[in-house]
A.B. asks: 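Before we start, here is the structure in question, set down as structure tokens.
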Amino acid sequence: MTTTTSIEQYALIGDMRTSALVGPGGSIDWLCLPRFDSAAPFTALLGSPEHGSWSLVPASADGSGGRAAAVRRYVGDSLVLESEWITDTGTVRVRDFMPPHAPTPQVIRIVEGLYGEVAMVSRLCARPGYGRTVPWIHTVGGRAVAEAGVDALWVDTSVEQTEKEGTLTGGFRVAAGQTVAFVLSWSPSHASAPEVPDAEESLSETLEFWRDWAGQCTYDGPYREAVVRSLITLKALSYAPSGAIVAAPTTSLPEDIGGVRNWDSRYAWLRDAAATLIALLSTGYRDEAGAWRRWLLRAVAGDPESLQIMYGIFGERDLPEKELPWLPGYEGSAPVRVGNRAAEQFQLDVYGEVIDTLALAHASGIARCADTAALHQKLIQQLVRRWRDPDEGIWEVRGPRRQFVHSKVMAWVAVDRTIGLVEADVLDVDLVELVAVRDEIHAEVCAKGFDPVRNTFTPSYSSTGLDAALLLIPAVGFLPPDDSRVIGTVEAIQRELTTADGLVRRYDTPGEHAGVDGVAGGEGAFLLCSFWLVDALALIGRVDEARALFEHLMTLRSELGLLAEEYDPKAKRQLGNFPQAFSHLGLVLSALLLQQHSRPADAPAESAPLGSAPFPSHAPAA
């Protein structure tokens, strides 16, 4: 039997190396160790509890547990999860967290009695290798350890535990004022045992870390709680040792329940990371941009001609995709995939996102270095050579390459931002050639990518249908928001790509794009695209409509403020990998843009809104 917990019911905890998902019933159903992209010893999310889980809950009459927590919340602006159960005999609280500065990844669970006395049970069923391997459980110096291959999971607690068939179980009672701690520490199986941390001290340090980090946020608008929670989530998706940023911490959560649209998001997409950094830079966070730039230099190395759209979190280039047939998938959504074949694709728009982010980082006061300048020059030289080539596009279609309009627009962005840096004496590149290329791209897109009969830009040259990525045309400065072609495109997408409640689908499936993306089945509304519509509506002057859509999107967040990649408006549930950086950065972007467009007419101008050009655009009127 596969898990029946809805995707949005999970809570995220993490340490900027990896993360865990905790269900409402007190079970950790997903945890990869020691990295986001490592194999998971807890894989119940994609199968059953016997594929790896760790429940810590009040015991039921049979001693097994199973009830959902009455209250779940994060402690302030942190990633410390607090769950409370109210039972017939008392009330108990469990705090779950992962210390950011621990020497190796740790999960700490502290049980605290609040009222009366409660019988509790811990059931730790580790199954390394994505639920496939039963570990060897034994004791070393009085400490329990579960070993399998390269992994060792050390379990430290004062509770007496028994082992049966590779599962550790411990029952105990906690009275008001008492605390009981459990610590799970990962280490290489060949290494010496990790030190046992002081759980309460680790809790204090973790809360202080998140309190200090969240306190740096410069946004103070009406949606501050949602913005800060999204920023914390984005920070949690960064990999501190390298500076990489993953798109999501999970794999194979379906875009279509029971279908095959199940992908691995635990890697560093250049596009996703670049947009995440724009959100962070625009809210006062600069350290992450510097760390990512260093990661980018290492990942791309001296070979920008072979620029990939995504890399491993240490810059690995080879991310082979394979299926795990022993896992039934979330609610039977198979196959379960690890790795991602999209790493082999050519996506022209990536040049635009990367160069736009490098330019914004410079505009935000992050000093450029000679290595960054050299990389930028090589990237723009490569783009100038390749911008006419067809590609797979932003949506990673697994069909034939096309001349995607969004890809060309982002190629224009790359050239436009580079021109801005040359004019600011930051880069030394042939300005005359760049201006000519920018004008040529602009003219070609307007001539070949626009349908004058329907008054809308099209997904690719001379095609029909629509693509939600076209909503970005005014945001990146390709055309001004009051251009009739921009307004026509926004209105066409509203007519043809939105659901009954105004959410936006990426493109038509089934329909023209069913053959383009090369994958069977449908999908939900794409949350990032819905935030793009918020932005586009605000930019074309329909601010009240934009705010109404934004506030509707706020209601789709989970009780803990988290968003997956997509939303099913019929089933009223979230879909896709969770939580998703795209969705959360979209929320931040839209909140900032709405704040800017809500200023009184005589108020002083603020800094450029998220996603806007850091340098003036000199686009021709075409």
Side-chain angles (χ1 to χ4, degrees), residues 3-10 24 223 226 229-230 233 248 250 252-263 265 329-333 394-395 459 465-471 489-514 517 519-538 542 544-587 589-591 594:
T3 182
T4 56
T5 300
S6 297
I7 291 170
E8 66 269 20
Q9 289 182 299
Y10 281 101
Y223 307 107
R229 178 52 52 193
S230 289
T233 304
T250 58
S252 299
L253 288 179
E255 299 172 7
D256 180 20
I257 299 294
V260 299
R261 293 175 176 263
N262 318 314
W263 316 110
S265 296
Y330 178 86
E331 292 192 18
S333 304
I394 184 175
W395 304 128
L466 285 169
D467 179 354
L470 301 171
L471 291 167
T489 300
V490 173
E491 292 178 344
I493 288 172
Q494 279 190 295
R495 287 193 309 269
E496 301 179 32
L497 284 187
T498 57
T499 64
D501 55 350
L503 304 181
V504 182
R505 295 176 288 115
R506 293 188 294 174
Y507 44 70
D508 295 318
T509 57
E512 179 196 355
H513 284 77
D517 73 12
V519 185
E523 62 181 25
F526 207 78
L527 292 173
L528 176 62
C529 297
S530 302
F531 285 114
W532 286 346
L533 180 57
V534 171
D535 299 344
L537 289 170
R542 290 158 59 177
D544 290 343
E545 191 177 346
R547 185 177 295 105
L549 177 56
F550 181 83
E551 292 181 352
H552 174 57
L553 286 164
M554 291 300 92
T555 69
L556 306 185
R557 297 183 304 147
S558 73
E559 64 172 343
L560 295 169
L562 301 179
L563 289 168
E565 187 175 30
E566 300 181 7
Y567 185 79
D568 183 342
K570 293 182 179 178
K572 308 294 185 186
R573 61 182 300 185
Q574 296 189 27
L575 298 171
N577 285 312
F578 176 86
Q580 183 78 21
F582 255 170
S583 300
H584 285 281
L585 68 89
L587 186 156
L589 283 168
S590 294
L594 287 173

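All of these numbers come straight from a predicted model, not from anything done at the bench.
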A.B. asks: Is there side-chain contact between His584 and Leu562, with heavy atoms separated by less than 4.5 Å?
C.D. replies: yes
A.B. asks: Evaluate side chain to side chain contact (heavy atoms under 4.5 Å, CB included) for Leu553 paired with Leu587, printing each intermediate quantity in order.
C.D. replies: CA-CA 9 Å; Leu553 286 164; Leu587 186 156; over 6 Å; no
A.B. asks: What pairs meet the salt bridge (charged side-chain N to carboxylate O under 4.0 Å, His left out) rule with one or both residues in residues 555-584, with sequence neighbours excluded?
C.D. replies: Arg72-Glu559, Glu225-Arg557, Glu331-Arg573
A.B. asks: In the structure I gave you, are the side-chain heavy atoms of Leu527 and Phe582 within less than 4.5 Å of one another anywhere?
C.D. replies: no
A.B. asks: Checking side chain to side chain contact (heavy atoms under 4.5 Å, CB included) for the pair Ile7/Tyr330: CA distance, chi angles, key distance, verdict?
C.D. replies: CA-CA 9 Å; Ile7 291 170; Tyr330 178 86; 3.6 Å; yes
A.B. asks: Ala536: what forms a side-chain contact (heavy atoms from CB on, under 4.5 Å) with it, not counting sequence neighbours?
C.D. replies: Leu471, Val490
A.B. asks: For Leu533 and Gly502, work out which heavy atoms get closest and say how close.
C.D. replies: CD2-O, 4.0 Å
A.B. asks: May I ask you to test the Leu503-Leu556 pair for a side-chain heavy-atom distance under 4.5 Å?
C.D. replies: yes
A.B. asks: Can you tell me which residue pairs pass the salt bridge (charged side-chain N to carboxylate O under 4.0 Å, His left out) test with a partner in residues 544-555, sequence neighbours excluded?
C.D. replies: Arg542-Glu545, Asp544-Arg547
A.B. asks: Any side-chain heavy atom of Asp467 sitting closer than 4.5 Å to one from Trp395?
C.D. replies: yes
A.B. asks: Under 3.5 Å, is there a donor-acceptor pair between the side chain of Thr250 and the main chain of Asn577?
C.D. replies: no
A.B. asks: Using only atom types and a distance under 3.5 Å, with no angle test, would you say the side chain of Ser6 pairs donor to acceptor with the backbone of Glu8?
C.D. replies: no
A.B. asks: Treating Asp256 as the side-chain partner and Glu523 as the backbone partner, does any N or O pair qualify as donor plus acceptor under 3.5 Å?
C.D. replies: no
A.B. asks: To the nearest 0.5 Å, how far apart are CG in Leu470 and OH in Tyr507?
C.D. replies: 13.5 Å
A.B. asks: Is there a donor-acceptor contact under 3.5 Å from the side chain of Arg505 to the main chain of Glu496?
C.D. replies: yes
A.B. asks: Could you state the interatomic distance from CG (Leu537) to OG (Ser590), rounded to the nearest 0.5 Å?
C.D. replies: 10.0 Å
A.B. asks: What heavy-atom pair brings Gly576 and Ala564 nearest, and what distance separates the two atoms?
C.D. replies: O-CB, 3.8 Å
A.B. asks: Could you check if a side-chain atom of Gln574 sits within less than 4.5 angstrom of a side-chain atom of Gln580, using non-hydrogen atoms only?
C.D. replies: no
A.B. asks: Do you know the tightest heavy-atom contact between Leu466 and Ala492?
C.D. replies: CD1-O, 3.3 Å
A.B. asks: Counting only N and O atoms by type, is there a donor-acceptor contact under 3.5 Å from the side chain of Ser530 to the main-chain atoms of Val504?
C.D. replies: yes
A.B. asks: Is there a side-chain contact between Leu563 and Phe531, using heavy atoms and a 4.5 Å cut-off?
C.D. replies: yes
A.B. asks: Do Leu560 and Arg229 have side chains that get closer than 4.5 Å, going by heavy atoms?
C.D. replies: no
A.B. asks: When rounded to the nearest 0.5 angstrom, what is the spacing between CZ in Arg261 and OG in Ser333?
C.D. replies: 12.5 Å
A.B. asks: Can you see which heavy atom on Leu497 is nearest to which on Ala468, and at what distance?
C.D. replies: CD1-N, 3.7 Å
A.B. asks: Please give me the minimum heavy-atom distance between Thr233 and Pro579, naming the atom from each residue.
C.D. replies: CG2-CG, 3.7 Å
